[in-house]
Amino acid sequence: MDFLPGLFGPRYFLTGEVTVYNFMARLSPHDYGGGTWEFCERNSEPLYLYPTSKERYRIICDTNGYEGDVSAEAAGIIASLFALSHLSFACESERMSEQFGKLYAYAADHPEAGEIFRAID
């Protein structure tokens, strides 16, 4: 119950959740069709969400030409980064910017960091 308000703030937690799901649907139109999500924390703080309906997702980013096959966890990191970036501007939220920075730093150490950063570039 505390994860989404902790990640997006008490004012934007529903908007944040829907935004992540919408980005995932846009980024993986052939593989993602809804379903359950896992909430991931680091040091007991919310960090990102990822879908659990498949093990891998084809990500297509029409804004930068990226196409790639990534794990569900990497797909969730990508969708969460897009959502946090978008909301940091749309909501003029410093919290979203801070959360984006934390997730970006975490993604740098992820085994699929190269794919994640190519997707969000």
(request) Ignoring hydrogens and angles, tell me if any N or O in the side chain of N64 forms a donor-acceptor pair with the backbone of Y66 under 3.5 Å. (result) yes
(request) Looking only at non-hydrogen atoms, find the nearest pair between Q99 and G6 and report the distance. (result) NE2-O, 4.3 Å
(request) Please list, chain by chain and in numerical order, all residues satisfying salt bridge (Lys or Arg N to Asp or Glu O under 4.0 Å) with R118, sequence neighbours excluded. (result) E115
(message) Tell me whether the rings of F82 and F23 are parallel (<30°), tilted (30 to 60°) or perpendicular (>60°).
(response) parallel
(message) Hydrophobic cluster membership, with links at side-chain heavy-atom distances under 4.5 Å among I/L/V/M/F/W/Y: are M96 and V18 in one?
(response) no
(request) Work out which heavy atom in S80 is nearest to a heavy atom in L49; give both atom names and the distance. (result) OG-N, 3.3 Å
(request) May I ask you to test the Y57-L27 pair for a side-chain heavy-atom distance under 4.5 Å? (result) no
(message) Check this for me, if you would: do D69 and R56 make a salt bridge, where the nitrogen-to-carboxylate-oxygen distance has to be below 4.0 angstrom?
(response) yes
(request) Run the numbers on Y106 and R42 for side-chain contact (heavy atoms from CB on, under 4.5 Å), then give the verdict. (result) CA-CA 9 Å; Y106 173 83; R42 185 171 192 190; 3.3 Å; yes
(request) Check whether any side-chain heavy atom of E41 sits under 4.5 Å from a side-chain heavy atom of F3, and report yes or no. (result) yes
(message) Let's go through S71 and E112 carefully: what are the C-alpha distance in whole Å and the side-chain angles of both, what is the deciding distance for side-chain hydrogen bond (donor to acceptor under 3.5 Å, both in side chains) to 0.1 Å, and is it a yes or a no?
(response) CA-CA 8 Å; S71 68; E112 294 173 273; 2.4 Å; yes
(message) Do Y48 and E73 pair up side chain to side chain, a donor and an acceptor below 3.5 Å, judged on atom types alone?
(response) yes
(request) Could you walk me through whether T52 and T36 pass the side-chain hydrogen bond (donor to acceptor under 3.5 Å, both in side chains) test, one step at a time? (result) CA-CA 6 Å; T52 61; T36 59; 2.5 Å; yes
(request) Kindly indicate whether the side chain of I77, heavy atoms from C-beta on, has any atom under 4.5 Å from the side chain of L103. (result) yes
(request) Would you check if the distance from the ring center of Y21 to the ring center of Y32 is below 6.0 Å? (result) no
(message) Does K102 form a side-chain contact (heavy atoms from CB on, under 4.5 Å) with L47? I'd like the steps, not just the answer.
(response) CA-CA 7 Å; K102 289 177 185 178; L47 191 60; 4.1 Å; yes
(request) Ignoring hydrogens and angles, tell me if any N or O in the side chain of T19 forms a donor-acceptor pair with the backbone of T15 under 3.5 Å. (result) yes
(request) Output, in order, the C-alpha distance, side-chain angles, deciding distance and verdict of side-chain contact (heavy atoms from CB on, under 4.5 Å) for I120 and I78. (result) CA-CA 7 Å; I120 67 167; I78 293 165; 4.2 Å; yes
(message) Looking at every heavy atom in both L7 and P46, which two are closest together, and how far apart are they?
(response) N-CG, 3.6 Å
(request) Show your working on side-chain contact (heavy atoms from CB on, under 4.5 Å) between S28 and I60 and close with a plain yes or no. (result) CA-CA 6 Å; S28 190; I60 302 167; over 6 Å; no
(request) Determine, using ring centers only, whether F117 and Y104 are less than 6.0 Å apart. (result) yes
